[in-house]
Amino acid sequence: MPSHRYNSHQIIVLLVCVGIFALGQFHRASGGVFTPILMDRFALSAATIGGLVSAMFFATILAQVPFGVALDKKGPRPVLSLCILIIAVGTAIFAFADRFDAMLLSRVLIGIGSAAMGAATHLIIARNFTGSDFGYISGLVVTLGGIGGLIGTYPLAFVLERVSWSVVFATVAAATLLLSVVVFRSVRPGAPETVESDPDVGKQGFLTLLSRPEFLRILVLGAVTYAPITTITGLWGGPYLQDVTGLSAEQAGAVLLLFFSATIVAGYVFGLLDRRAKSRKRIVLVAVGLSGFMLILLAGLNGLSAQTSIALLLAMVFLQQFYVPLGAHMRRAVPDHMLGRASTLLSLVSVAAIPAMQLGFGGVLDLAASMGFGIEAQYRLAFGLMGILILLCGSVYAFSQDADDFE
């Protein structure tokens, strides 16, 4: 770890940001564990349980914009404290719900509360650390906070087999409530000074941001940050590993856990690169180019071994963590008083692209199957198109100004 020294308040803020990120990762990852339990408990169909799990996701998207405005006008302390409190209430309802409608309400509340967490974390880091530290601290938060996602997988399943559902999620709700209190006590109050001293500045909104070509280029690349990772690790990676490479369900699960672990390690690696490299833009472009190239290799080479296919996907998932220096670039490209809305838009585009890419990937598989393609060729076509899309978005970003030029 670099020799930079941080004061006690900065360390507390870092730990708070780690807790926030870990909480979000836990709720995103836990769906794969509790889904079969709920299907048995409430006799739910696959379509119904899919709607229940996705309710959190759609609630997050819809709540992004108002919370983004509130972050810039009121600052992260009240907004984030309220959001985490909403998550605590939703989790408590989830713990004791005995009807489907209560379960649905709990997921919606958790989704609403999750809406501001990413953008608020960006604001907190920006207000407590230097610009040169933004990428490194963001990467550190991703790495340390990734433990929340890991807890939401096998450890959660292990505990649920031995402890009652209500006790497990009531404990999570209590820990979430405690985090809300810690956030309120440790995060600085108030909006950015430019908003407080000049109210007219605070009136600049999303349209102002969207009129900035520099920000738009970053936004375009944001559409292929989370979506490719989630499409592979959260949906189509498992079927590919079993149907094409011949792995068992257990072996495929182990590989997907490896992919998830790679994202955690990569967060720290890209944070270090962001601090030490001379050009953030170059880091992003190299990672984008290599990520797309890995998928195109996977698509273009016939009869690959399981080991080679896994290695290419592992490299691609690792390289996709270019969103860490991309976030640092965004922080430099927009003024402080618009960082909340800018972070919100980037998060909104990144998250909204997830279902679009997942559905698109499945649509390509269906189309290829209808054209008589074999199962391996179907996946090769889908991976190839994903790689091309990543490279196209990267080509748009290539026209952006280097982040260092804003300093």
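For Gln10 (side chain) and Asn7 (main-chain N/O), a donor-acceptor pair under 3.5 Å exists by modelled atom type. Between the side chain of Thr176 and the backbone N or O of Ala88, no donor-acceptor pair lies under 3.5 Å.
Every residue meeting the side-chain hydrogen bond (donor to acceptor under 3.5 Å, both in side chains) condition with Asp101, not counting sequence neighbours, appears here in chain and number order: Arg99. Applying the side-chain hydrogen bond (donor to acceptor under 3.5 Å, both in side chains) test to Gln251 and every residue at least two apart in sequence or in another chain returns Ser248. Not counting sequence neighbours, the partners of Phe129 by the ring pair (Phe, Tyr, Trp, His ring centres under 6.0 Å) test are Tyr6. Under the rule for a salt bridge (charged side-chain N to carboxylate O under 4.0 Å, His left out), the partners of Arg331 that lie at least two apart in sequence or sit in another chain are Asp336. Residues forming a side-chain hydrogen bond (donor to acceptor under 3.5 Å, both in side chains) with His27 (at least two apart in sequence, or on another chain): none. Listed by chain and residue number, nothing satisfies the side-chain hydrogen bond (donor to acceptor under 3.5 Å, both in side chains) test with Thr91 (two or more places apart in sequence, or in another chain). With sequence neighbours left out, the side chain to side chain contact (heavy atoms under 4.5 Å, CB included) criterion links Leu216 to Leu210, Leu219. With sequence neighbours excluded, the residues that form a side chain to side chain contact (heavy atoms under 4.5 Å, CB included) with Ala92 are Ala173. Looking at residues two or more places apart in sequence or on another chain, you find no ring pair (Phe, Tyr, Trp, His ring centres under 6.0 Å) involving Phe21. For Leu285, the side chain to side chain contact (heavy atoms under 4.5 Å, CB included) test picks out Lys281, Tyr397, Ala398, with sequence neighbours left out.
Using cut-offs of 30° and 60° on the angle between ring planes, the pair Tyr379 and Trp236 is perpendicular.
Shown here for Gly267 and Gln321, the closest heavy-atom pair between the two residues is N-CG, 4.2 Å. Met117 and Gly24 make their closest contact through CE-N, 4.2 Å (heavy atoms, listed as atom of the first residue, atom of the second, distance). The two atoms that bring Gly222 and Leu346 nearest to each other are CA-CD1, 3.8 Å, heavy atoms only. Residue Pro335 comes nearest to Arg212 through the heavy atom pair CD-NH2, 3.7 Å, listed as atom of the first residue, atom of the second, then distance.
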Val269/Phe318 under side-chain contact (heavy atoms from CB on, under 4.5 Å): CA gap, chis, key distance, verdict: CA-CA 10 Å; Val269 171; Phe318 185 94; 4.0 Å; yes
Evaluate Phe94 against Trp165 for ring pair (Phe, Tyr, Trp, His ring centres under 6.0 Å), listing each step before the verdict. CA-CA 9 Å; Phe94 194 70; Trp165 176 285; 5.2 Å; yes
As a quick check of understanding, evaluate side-chain contact (heavy atoms from CB on, under 4.5 Å) for Phe67 and Thr344, giving each step before the final call. CA-CA 8 Å; Phe67 278 132; Thr344 295; 5.9 Å; no
Chi angles and distances behind the side-chain contact (heavy atoms from CB on, under 4.5 Å) call for Leu209, Met338: CA-CA 8 Å; Leu209 278 170; Met338 301 186 76; 3.5 Å; yes
Test Phe361 against Phe383 for ring pair (Phe, Tyr, Trp, His ring centres under 6.0 Å), laying out the working first. CA-CA 8 Å; Phe361 197 101; Phe383 284 132; 5.3 Å; yes
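Here the straight-line distance linking atom CD1 of Ile232 with atom CG of Leu295 works out to 5.5 Å at 0.5 Å rounding. Note that the OG1 atom of Thr263 and the CG atom of Leu258 stand 10.0 Å from one another [nearest 0.5 Å]. From Leu178, atom CG reaches atom CD1 of Ile84 across 10.5 Å, with rounding to the nearest 0.5 Å. A distance of 6.5 Å separates CG in Leu80 from OG1 in Thr121, rounded to the nearest 0.5 Å. With rounding to the nearest 0.5 angstrom, the OG atom of Ser350 is 10.0 Å from the CD1 atom of Ile229. Here the SG atom belonging to Cys17 is positioned 11.0 Å from the CG atom belonging to Leu144, to the nearest 0.5 angstrom.
Atom CZ of Phe100 has more than 12 heavy atoms from other residues, nucleotides or ligands within 6.0 Å.
For the pair Arg217 and Phe215, the cation-pi test (distance below 6.0 Å, angle within 45°) is failed.
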In residues 301-317, what donor-acceptor pairs under 3.5 Å come from side-chain atoms, sequence neighbours left out?
from   : atom 1 : to     : atom 2 : distance (Å)
Asn302 : OD1    : Arg380 : NH1    : 3.2
Ser305 : OG     : Thr308 : N      : 3.2
Ser305 : OG     : Thr308 : OG1    : 2.9
Ser309 : OG     : Tyr240 : OH     : 3.3
Ser309 : OG     : Ser305 : O      : 3.1

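Side-chain contact check for Leu319 versus Val286: every heavy-atom pair is 4.5 Å or farther apart. The shortest distance between side-chain heavy atoms of Val79 and Cys83 falls below 4.5 Å.
Pairs passing the side-chain hydrogen bond (donor to acceptor under 3.5 Å, both in side chains) check and including a residue from residues 287-299, sequence neighbours excluded, read Ser291-Gln320.
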